[in-house]
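This chain uses plain numbering: 1 for the first residue, then up along the sequence. In this text the structure is predicted, and so the values were computed from the model without any measurement.
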Amino acid sequence: MRLLLRTSAAAMLLVLAFGSGGVAAADPAVVTHGPRDEKVVALTFDDGWSTPRCQKILETLVAHKVPATFLPNAMYVRRSPAFWRRVAQLGFPIGNHTTNHRDLTELSKAAIYKEINRDRRIVEQVTGVPMVRVMRPPFGSYNKQTIKQSANAGFPTLLLWDTTAKDTSRRASERAMIKAALSGRKGSIVVLHCGPKATPRILPKIIAGYRARGFRFVTIPA
């Protein structure tokens with residue numbers, strides 16, 4: 001069953017702002033959150049190195065009818081093409097997180113462009129669906145050259161976050177991860193990861209926690 005994502009006139013304007021398919025926004029931008037006027041939150045999932053755990057995340061999102069945005073690395077998409085085709089078929093937007101998850105601030109401008117452009121090419125070939133034109137730099141690290149080369153590759157929006165679940169931490173307890181993930185407010189972008197063993201376990205409580213506070217879940221484009 002295809003997950004139906006909510007749309008509206010406002011959402012369509014944001015699609016134009018972020019860009020989709022072959023259309024890119026005119027001006028480069030760094031985004032850490034959405035508008036603060038609606039009680040919505042965007043869950044985002046990076047990486048993708050453990051397909052079984054990614055599958056559990058996907059199953060939870062579908063079961064709870066929660067839209068979300070995935071930002072996988074192409075090296076993992078190539079390992080599990082059937083799974084990522086399924087993500088796209090269900091209607092979950094997929095953004096750019098580079099091919100190999102390298103720190104872009106340590107690369108030459110040619111290497112930055114290659115990491116971003118190759119990720120788009122591989123993911124779109126596997127899924128058959130255009131990427132959402134946002135790029136999340138690995139580790140959240142970026143500089144002026146990162147912004148410039150990302151825009152040159154067709155991704156003028158660098159997508160960061162204002163809320164993290166800390167699900168890659170080796171020291172944080174799952175209780176602490178849930179608390180951190182639930183610290184978002186109106187328009188927050190929450191970063192989680194498609195790979196750590198804790199993430200599929202804490203996700204149901206994160207969903208329940210936001211809904212108990214009256215929040216609605218949206219994708220990055222919407």
Point to revise | Sidechain-backbone polar pair: Asp47 side chain, His193 backbone, donor-acceptor under 3.5 Å | key: no
Point to revise | Ring centroid separation Tyr76 to Trp84 under 6.0 Å | key: no
**Study point:** Whether Ser80 side chain and Val77 backbone form a donor-acceptor pair below 3.5 Å
**Key:** no
Exercise for review: Salt-bridge test for Asp167 and Arg53: reply yes if a basic N is under 4.0 Å from a carboxylate O, no otherwise.
Suggested key: no
Review point. Can you check whether Arg213's main-chain N or O pairs, donor with acceptor, with Lys39's side chain at less than 3.5 Å?
Key: yes
**Study point:** NZ/NE/NH1/NH2 to OD/OE distance under 4.0 Å, Glu38 and Lys186
**Key:** no
Practice item. Give a yes or no on whether a salt bridge exists between Glu124 and Arg118, defined as a side-chain N under 4.0 angstrom from a carboxylate O. Key: no
Check your understanding: Within a reach of under 6.0 Å around CZ of Arg201, are more than 12 heavy atoms found that belong to other residues, nucleotides or ligands?
Key -> yes
Check your understanding: Which atom names give the shortest non-hydrogen contact between Phe217 and Pro67, and what distance separates them?
Key -> O-CG, 3.3 Å
Review point. If you look at every heavy atom in Ala74 and Asp119, which pair is closest and at what distance?
Key: N-OD1, 2.8 Å
Review point. Backbone N or O of Thr99 within a donor-acceptor pair of the Glu115 side chain at under 3.5 Å?
Key: yes
Review point. Does a sphere of radius 6.0 Å around CZ in Phe215 hold more than 12 heavy atoms from other residues, nucleotides or ligands, not counting ones at 6.0 Å or beyond?
Key: yes
Study note, to complete from the structure: Using a 4.5 Å side-chain heavy-atom cut-off and chaining through intermediate ILVMFWY residues, the residues clustered with Val40 come out as Val218
Practice item. Answer yes if the side chains of Thr98 and Arg136 hold a donor-acceptor pair under 3.5 Å, and no otherwise. Key: no
Point to revise | Exam field: side chain Ser188 to backbone Arg185, donor-acceptor pair closer than 3.5 Å | key: yes
